[in-house]
Amino acid sequence: MKVIKRDGRVQEYDRTKIALTLAHISDELEQPMTRGDIDYVLEEVGVRLAGRESVSYSELRALVTESLSSCGFNAIARAY
């Protein structure tokens with residue numbers, strides 16, 4: 001899966017980057033997510049991306065935000 005960045009560059013999808021960002025945001029908000037929480041949210045994102053070859057940065061960001069909200073992490077979704 002490729003991610004098309006805002007500046008047009010193309011990078012491989014790396015769920016580790018998103019996981020680290022979620023961990024940092026949740027710690028800053030003092031609402032820490034467990035590794036299992038983060039994995040669950042990223043699995044939700046993966047399901048929504050299934051079968052796709054590429055995704056834009058903005059669409060990926062929206063999918064992560066929607067997945068966070070649907071999993072009950074509304075404050076983290078707003079901060080993301």
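Everything numeric here is computed off the predicted structure, so don't read it as measured data. We're numbering straight along the sequence, starting at 1. Values reported hereafter were calculated over all heavy atoms of this structure, with side chains retained and with hydrogens, waters and symmetry mates removed.
At a threshold of 4.5 Å between side-chain heavy atoms, the hydrophobic network of Ile, Leu, Val, Met, Phe, Trp and Tyr places Leu29 and Ile18 in one connected group. Residues Leu49 and Leu22 share a single hydrophobic cluster, defined by chaining ILVMFWY side chains whose heavy atoms lie under 4.5 Å apart. Under a hydrophobic-cluster definition in which Ile, Leu, Val, Met, Phe, Trp and Tyr are linked whenever side-chain heavy atoms come within less than 4.5 Å, directly or via other members, Leu42 and Phe73 are assigned to the same cluster.
The existence of a salt bridge linking Glu53 and Lys2 is excluded, since no basic side-chain nitrogen approaches an acidic carboxylate oxygen closer than 4.0 Å. Asp7 has no carboxylate O lying under 4.0 Å from a charged side-chain N of Lys5, or vice versa, which leaves the two without a salt bridge. Ion pair Glu43/Arg48 not flagged as a salt bridge, since none of the NZ, NE, NH1 or NH2 atoms sits closer than 4.0 Å to an Asp/Glu carboxylate oxygen.
The backbone N or O of Glu66 lies less than 3.5 Å from no partner atom in the side chain of Ser69, so there is not a single donor-acceptor pair. Looking only at distances, no side-chain donor or acceptor of Ser54 sits under 3.5 Å from a matching main-chain atom of Val3. A donor-acceptor distance shorter than 3.5 angstrom exists from the side chain of Asp37 to the backbone of Thr34, with no hydrogens or angles considered.
Side-chain contact between Ile4 and Val55 is absent, with no heavy-atom pair separated by less than 4.5 Å. Considering only heavy atoms from C-beta on, Leu60 comes within 4.5 Å of Tyr13 through its side chain. Side-chain atoms of Thr21 and Val64, non-hydrogen and from C-beta on, never get closer than 4.5 Å to each other. Two residues are said to be in side-chain contact when any heavy atoms from C-beta on lie closer than 4.5 Å; Met33 and Val41 meet this criterion. Side-chain contact between Met1 and Gln11 is absent, with no heavy-atom pair separated by less than 4.5 Å.
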**Message:** For a side-chain contact (heavy atoms from CB on, under 4.5 Å) check, start with the C-alpha distance between Arg6 and Ser58, then their side-chain angles and the critical distance, and finish with the verdict.
**Reply:** CA-CA 8 Å; Arg6 287 181 274 191; Ser58 59; over 6 Å; no
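Atom-to-atom distance recorded for Ile76:CD1 and Ile38:CD1 is 8.0 Å, nearest 0.5 angstrom.
When the shell of 6.0 Å around CD of Glu30 is examined, it contains 12 or fewer heavy atoms from other residues, nucleotides or ligands.
Of all heavy-atom pairs spanning Tyr80 and Leu68, the tightest one is CB-CD1, 4.2 Å. When every heavy atom of Arg15 is checked against every heavy atom of Asp39, the shortest pair comes out as NH2-OD1, 3.4 Å.
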